[in-house]
Amino acid sequence: MKFERYGIGIARGMMVTFKHLFRHPTVSQYPEQRLNMSRRTRGNELIWNNVKCTGCVTCAKSCPQGAIHIETTVDPATNKYNVLKIEVDTGYCIQCGLCVEACPYEAIYMGYSVERAKYRRGELVQANEMLLASPDRPASGYMNPHIARELPRQTLLVEKIVEKR
Amino acid sequence: MEVEKPVESRCFDLQTELDRTEGANTEVLKAKSIAPIPDPDEWLEKSLERNILLTTVDTLVDWARRSALWTVICFPACCAFEFIATAGPRFDISRFGMEIIRASPRQADLMITAGTLTWKMAPQVRRIYDQMAEPKWVIAMGACGCSGGIFASSYSVVPGYNRIVPVDVYVPGCPPRPEALLYGVRMLQNKIAREHVDIKLPFPLTGTKKEG
Amino acid sequence: MYIGLQHYLILSALLFSIGLYGALAKKNAIVILICIELMLNAVNVAMVGFSRFVVPAQLTGQVFALFIMVVAAAEVAVGVAIIMSLYRHRETIDATKVDLLKW
Amino acid sequence: MSSYLNQMLLQHEASVRVPPDWPGGYWFHWLFFTVVIIAFVLTIVMGFIYFERRALGRIQSRLGPNRTGPFGLLQPVADAIKVLLKEDIIPDKADKLVHWLAPIVAFFPVMLIFAVIPFQNGAMLVDLDIGILYIMAVSSVSTIGIFMAGWSSGNKYSLLGAMRAVASVVSYEIPLVLSIIGVILLSGSLSMNQIVIAQNIPFILLQPLGFLLFFISGCAEINRSPFDMLEADSEIVAGFHTEYSGMKFAMFYLVEYAEALAMSAIIATLFLGGWRGPVLPPWLWFIIKIFVVFFLMIWTRSTLPRVRIDQLMALAWKGLFPLALINLFITGVEVLLWPAGLPWLAVLINIVIMVVLLLLWSRFFKLGWGRVEI
Amino acid sequence: MLAGYGLVALFLIVAIFFTVTMIGMPIMLRGMGIVPSKPNPVKNSIFECGVETIGKSWVRFNFRYYFYALLFIALDVLVIFLYPWAVGLRELGYFGLVAALVFVAIIVVGYVYAWRKKVLEWK
Amino acid sequence: MTIKTEPFVINFGPAHPSTHGVFRMRVVLDGEVVLDLEPVYGYLHRGIEKLAEQRTYTGIIPLTDRLDYLAAMSNNLAHCIAVEKLAGIKVPERAEYLRVILAELQRLCSHLIAVGAFLNDSGAFMTPILYMLREREKILDLFEMLSGQRLTYNDMRPGGVSQDAPEEFLPALHKFVDQMPRYLDEYDQLLAKNEILLARSKGVGILSKELAINSSASGPVLRASGVKWDIRKAEPYSIYDRFEFEIPTGTAGDCYDRYLVRMLEMRQSVRIIEQAMKQFPSGEYRSRVPKLIRPPVGEVYSRIEAPKGELAFYIVSDSSIAPYRYHIRGTSLINLTALRDMIVGWKVADLIVIFGSIDICMGEVDR
Amino acid sequence: MGLAIAFWILAIVAIAGALGVVLLKNVFRAALSLILCLLAVAGLFITLSADFLAAVQILIYVGAISVLIILAIMLTREVTQGSPSGRFRIPAFIVAVLFFAVVAYAMVNTNWQIATAPPLEPTTAALAGKLFGEKGFILPLEIASVLLLAAILGAIVLVREK
Ligand code: SF4
Ligand code: SF4
Ligand code: SF4
């Protein structure tokens, strides 16, 4: 190693690390402090609106994964589709959002929540009522600006002051 | 130092033989892993009843085990960077005492399978898992870990880590956000907290009759 | 029980004989080197024993022992050098295979 | 200040007898200090682990363990219990006996070092006449244990680690031992307690160059970063203890920190005036100084990249060794000039000498890096 | 003095005992079933980044460190002589200083020779 | 010395801490010196090219996300540009600016990881990479704001971007651009002049100009060898011809130069973002494109300057909704071709450093 | 009393170590056994009041010489089976036994002049006077350094590549 610089480079580097001792850590302590995720978060699930949905199956067709299973019957009275079963495998879906983008009736949304870990593989498959929106399953504003407006503002690290203590 | 060989020569003969055996091993493993390995959590419901009888030893052991989960290196693909982000300064997995990432499976407790598992990689992962010292746990991270995810239909991808190793917690997402992973870790900690050690005493102690 | 000079001397002699046996009987040059170290050490024990029991106030034996250590160090350094040199020419460290006349 | 020192010296006269006058005498002294040393080593090592992880966390702009117990204080305890309860794996290919012995051989010498560390004036297990030499001798046994571990595992990474262990011990023993001689010249004694007593001016001021050399080679000796090549995990997985699991691995982990503790304690004793200091009780001063030295180690660890093995050796042989030798003789001359003890003027002189030497050396000291032609 | 070393010896015994207990504890706990033990051939094989090892594990190593070790031995001996010298320098006076200087200088000749001959370079 | 050595074969990877994923090197070592090296690829071969042939042009975008997962935006961009060329789709002005901003942010992001991982490999214990992850988080925040994901954005579409930037995007970007140079200065201060780093990386792993060109390396690896080649300048795509920026080049082609080139490129990226931010127009963010794109029969080869180098897509269309043939010129794979020549003769520690300085992403190597 | 116990323990350990050196097949273990023997001898030095010498013994033998020996062992191909005995095993054994018998007989039957003075303490400063003092072993000392120099030069010349 050259000592042309007489160790000044080392000393400067050490100063940088020393300065960091007196800075605010950037940590958000997860279970207690939560970051507000983006308003367009694509969380680990899908939310389905059984009222708006017409059973057109566009979502299932546009899904690159084929993660959505829809079984429908035709209601002879109204000549409309009746959704018998809609099933999404959360462990197989890649949260790409293409189904949301494709649905012509805005009947399917990305979920806002991400805490969907399970002990068993089978529990990751969600069907029918389990897909409906509920207070602990909020929908996210992905492709849906009107929902996005309601959601809390995203926490940004750029806005956090870390330099001074 | 001079070695007789000229600069251009290679020390390797093309090690086709070696590659062939590795390929054969992969095929054997592939044939064996058609059915998923059952999740090692049948006891979960049962243990809930036993929960009341938890001994102090159980509490201590489980506390120690769940507060010091050291991860082994198994970072095949994209999810690895969400894992690294989790270890990074914003989510900071070190708060749970998990920042020690051991390169050697002998000293690790937890395998976070961060990424796509291909059939070529599968024997290696299985080997690393086998070489981990007991007790050990696996978190399947990401869609690839749960089911093969976006690559499930590919010819070369294992559809889910549960074909190769028993999985304790599935964390969906592609990739799971750091919060999701932390949630999975906490679920694993809860699971460990319910584990029970059977103590075999070399001599019977009077007064402590074993239940059940 | 009194531990006297004789005890140390006999111990020293024993260690020396073991070293001697090894140095004569072994084929591996490195093991022979180890055994020679053992012998030098045995001598050291005797030296320090004499120093302690015969001239306790003068430390002469200890100084001698120090010098023996110097010799041992030099011996190991050169010995290993010879082994390496041997190895380079013969690809062996088997001392019995070394026939100096054939070099 | 000086009256305080005088008072300390007077105290010393009274208490320097070893073993000191204890109720119960010899055996009680032994029992007491054995317990104290083991407790001291274990608690401070746990403290070190916690301190290092927290400090590293802060330096890296995060938090470090804070969930287990209050402020995460129980984290090392949890680690220890967990590691104790891990399965113990001995590879089939390993040399089993040596594999078993290695952690023992690596650990007990480190414990032995603490026998001569003064926690307070005369408060040590035994004040040996050859104190510092004893430490050097005992600590060199530890390396054998590390080498045994690497060699016996039958793992290629471990073997590389073991070879690196030999390489680093071969290079760093000499500058380490030489830089101590400067201190011995000043204090005129090898006994650790006497060295502390001789430090009316802390030797870090009288021996700035010696301190620098000792710190660098000490870090190398105990394989702290930037010289942590034995277990460089970005290079050779976990180095010499790749195959170790469970409690035997924990022993190596413990050795690592106990060695760091020993080195901090030695540096605190040799250069920072050991237990001496105003106001606070001496043992507290001692512990504070230990932590200060250890913080230095953490700090360098968090900043500096690792050096390569040949650079390490070249640094030792071409950089530290000549400097240590020159420093040694300069100190010798100074001691002969002022036989009664060095004045404050010497501080200035020595610092100037250090700067001049370092600058001179930097001029023509340059490490080659070579590609091996094959 | 011997009393002091008696303390050290006793402490040595305690230290070794302590170490052995620390390592022996898991074995005892294994008997009680707290420490798991499920050996199998794969687990007991050598870890090499998840692949099977190629070739044998103990190989003949190149002797690169020899020159360093050689100098190390010589200088270690030198240092040993300097320790008593350092302790007694005040009594020895300038004669001792010169004696040590000569002593060191002779060995340093070897060091310089080694440096000149470029054996201190890692090749 | 002429003592015959017994070279031994050792594996680095696939599960090694510093092979950036699952790369495996079979290395012949003589003690510490590398005598020979054989890379083993394919541990992450996921069949992306084959999968792409069964998907719609929009459905491929999630696949490109996972290609070089450290630079998903750049991959999206490359794919979209290729499809736009093939199908003749116009991109609105606002989308072009947004794309450039995103691509440059992605370059910053990727270089941060590259430099951090390189420093980590050279043994600076975690600190630099953690600092750099902190900056990366700031960029990820911005990406997340736009697309809702942190790593696999799936944000660009042929003909624009999937969603318009929300109103809080520009102020946040502004803040970021303000802060970034200061942090870059700090990184320079941290290690750029560090003696140990210099000793470890200067002159190590030299890739000569000729070899770099012959092995078709690109990106920072090529530029560090002194070749001024950057597709953004040489063959401007998108709207790169509207911005002023320089191409930093190295001289020696050693690890240190590769590191420096990346550090300098980051400053240039910040510069580009600053300019783009000033000119940011309003208007449409996505042109009208049919849901299922059916490009005319034909083929296209289009390339962009991804963070790691020249990233190109070759698409053959048979006028159906999915490509007939989809080929990716993976930058990392091609940069790896000179690996053996760079490493042989160095020591184990250098092996890691040299490998780290190339900055590969296994997703792209094995695809 | 304590001295006697220490002596016996150390003597047994030393002899066991020495026996290990010649009996163990594995060269590496033989070297470890040598280290054990050397450590025991260092302990014996302490029982002889030569504490400085004991430390030096450990530093030089265990710290330096054994490292060199271990390095040399790395050259050996068959470490685990590398220490066979040669043709001369039985003659060597006889020679060793005879040597021991003669020396032991001589030692037991010689009337040593045992001084009863207490051993000199501390030894370090006294050794300094002996070694570097004007009336000490200054000439042998310088000769020792010349010896070391010769060893260095010789070894370099022997081993260095041409
Ligand atoms: S998010 Fe993507 S993968 Fe998941 S269901 Fe929708 S389209 Fe399919
Ligand atoms: S596309 Fe929308 S409306 Fe049609 S089936 Fe899917 S969710 Fe229902
Ligand atoms: S789950 Fe998604 S992000 Fe994770 S490895 Fe698989 S494709 Fe990559």
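Below, chain A is the first sequence line, B the second, and so on; all start at residue 1. Values below: every heavy atom of this structure, side chains too, minus hydrogens, waters and symmetry copies.
- With V177(D) as reference, V79(E) is the one residue of I80(E), L78(E), V79(E) to meet the side-chain contact (heavy atoms from CB on, under 4.5 Å) rule.
- In this structure, no portion of T331(D) lies under 4.5 Å from any heavy atom of chain E.
- For I27(E), the part lying near chain D is the side chain, with the backbone staying farther off; criterion is any non-hydrogen pair under 4.5 Å.
- Only the side chain of L42(D) comes within contact range of chain E, with heavy atoms under 4.5 Å apart.
- Ring-centre distance between Y244(D) and H99(D): below the 6.0 Å cut-off.
- With a threshold of 4.5 angstrom between heavy atoms, T34(D) approaches chain E through its backbone and through its side chain.
- Of the candidates I174(D), I330(D), L178(D), L178(D) is the only one forming a side-chain contact (heavy atoms from CB on, under 4.5 Å) with L325(D).
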After noting the C-alpha distance and the side-chain angles of F321(D) and L75(E), does the key distance pass the side chain to side chain contact (heavy atoms under 4.5 Å, CB included) rule? CA-CA 10 Å; F321(D) 170 67; L75(E) 295 176; 3.5 Å; yes

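- Heavy atoms of L186(D) lying under 4.5 Å from chain E belong exclusively to its backbone.
- Between the side chain of Y134(D) and the backbone N or O of S191(D), no donor-acceptor pair lies under 3.5 Å.
- Looking only at heavy-atom pairs under 4.5 Å with chain D, the residue among V20(E), V108(E), L97(E) that has the most is L97(E).
- Both the backbone and the side chain of L112(D) come within less than 4.5 Å of a heavy atom of chain E.
- Interface residue Y94(E): backbone and side-chain heavy atoms are both found under 4.5 Å from chain D.
- Here I37(D) is the residue among T242(D), V105(D), I37(D), I130(D) with the most heavy-atom pairs under 4.5 Å with chain E.
- Using bins of under 30°, 30° to 60° and over 60° for the plane-to-plane angle, the ring pair Y253(D)/F249(D) lands in the tilted bin.
- The aromatic ring centres of F252(D) and F107(D) sit 6.0 Å or more apart.
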